[in-house]
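Remember, predicted model here, so these are calculated numbers, not experimental data.
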Amino acid sequence: MKTGDSQLPAKPPNKVSSAYLLWLGCLLQLNGLHRIYNGKIVTGLIWLGTFGLFGVGQVIDLFLIPRMVDDYNIKLRAKMGLSPYGVPLAQPAFVTNVIKPSREQLMVRLVRAAAKRGGKISVTQGVMDTGASFIEVESTLKEMLKTGYVGIDNDPDTGVIVYTFLEM
């Protein structure tokens, strides 16, 4: 963990081997520790007060411990927002503010894009270079055509409409 992180480290999942070691607490008359370890507090305290349900419950738990550990770990992963297999359930959302350029800013961007291409640009090239929509780029280029900044022609090879910046 980096020093600047504000998150606490996640609790590691319970282990079956640790639960069996706690089960052995019955040899010291500490029955039910394995249940408390796996989040079964009430039944763990009952096991502790009744000597593991008079030994019967303690013996049965020998076979139930792996399932207890799995159930506890699944609940732990769910609390952390993970699937039972440890895959994140919710992806972080990214919020971006898209600031739409003004008409004049779009014109400047189109002039710069055309300058990179020898003074000629198509609508698609304008979209790629400015990030504006096809409609915005095409209407801006047509507006520039009406004011005399741009001429219009077809590419001789592809037939695509090309806007030529006359001063370049």
Side-chain angles (χ1 to χ4, degrees), residues 1-117 121-141 158 160:
M1 176 181 276
K2 298 176 187 171
T3 41
D5 287 347
S6 61
Q7 291 181 338
L8 296 173
K11 181 184 180 304
N14 284 0
K15 296 180 181 176
V16 174
S17 58
S18 299
Y20 277 119
L21 284 174
L22 290 170
W23 181 90
L24 287 174
C26 69
L27 300 175
L28 300 173
Q29 306 221 349
L30 295 172
N31 299 291
L33 293 180
H34 62 284
R35 287 187 161 269
I36 294 170
Y37 174 69
N38 286 304
K40 298 183 179 296
I41 308 296
V42 174
T43 58
L45 293 174
I46 292 171
W47 258 240
L48 189 61
T50 61
F51 301 105
L53 288 179
F54 307 105
V56 176
Q58 195 73 13
V59 171
I60 292 173
D61 279 354
L62 270 174
F63 303 102
L64 299 180
I65 284 178
R67 181 64 186 181
M68 270 190 245
V69 172
D70 286 344
D71 289 345
Y72 178 80
N73 288 337
I74 287 171
K75 288 177 186 174
L76 180 66
R77 286 186 189 111
K79 282 183 183 177
M80 293 187 321
L82 303 172
S83 75
Y85 304 106
V87 178
L89 296 174
Q91 298 297 326
F94 294 98
V95 178
T96 58
N97 292 336
V98 178
I99 299 172
K100 197 173 181 181
S102 68
R103 200 73 159 168
E104 289 77 24
Q105 289 173 329
L106 184 56
M107 285 182 183
V108 170
R109 288 182 183 177
L110 287 170
V111 169
R112 287 186 181 142
K116 291 181 197 174
R117 292 183 165 82
I121 192 169
S122 70
V123 174
T124 304
Q125 292 168 336
V127 168
M128 289 182 350
D129 287 353
T130 63
S133 70
F134 281 90
I135 294 170
E136 291 172 318
V137 170
E138 187 172 23
S139 65
T140 303
L141 287 170
T158 62
V160 173

Starting at [atom1] of [X], measure out to [atom2] of [Y] and round the result to the nearest 0.5 Å.
X     : Y     : atom1 : atom2 : answer
Ser18 : His34 : OG    : NE2   : 13.5 Å
Leu62 : Trp23 : CG    : CH2   : 4.0 Å
Leu48 : Gln29 : CG    : CD    : 10.5 Å
Leu53 : Asp61 : CG    : CG    : 8.5 Å
Asn14 : Lys75 : CG    : NZ    : 12.0 Å
Tyr37 : Lys15 : OH    : NZ    : 7.5 Å

SB check Arg117 Asp129 (cutoff 4.0 Å):
yes

Looking at Asp71 and Arg67, is there a salt bridge between them, counting it only when a charged N and a carboxylate O are closer than 4.0 Å?
yes

Write down the atom of [X], the atom of [Y], and the distance for their closest heavy-atom approach.
X      : Y      : result
Ser139 : Glu136 : OG-O, 3.1 Å
Gln58  : Gly32  : OE1-N, 3.6 Å
Ile36  : Gly44  : CG1-CA, 3.8 Å
Trp47  : Asn31  : O-CB, 3.5 Å
Ile121 : Leu110 : CD1-O, 4.2 Å
Pro66  : Tyr20  : CD-OH, 3.5 Å

Can you establish whether the number of heavy atoms outside Phe51 located under 6.0 Å from its atom CZ is more than 12?
no

Kindly check if the number of other-residue, nucleotide or ligand heavy atoms within 6.0 Å of CD1 (Ile135) is above 12?
no

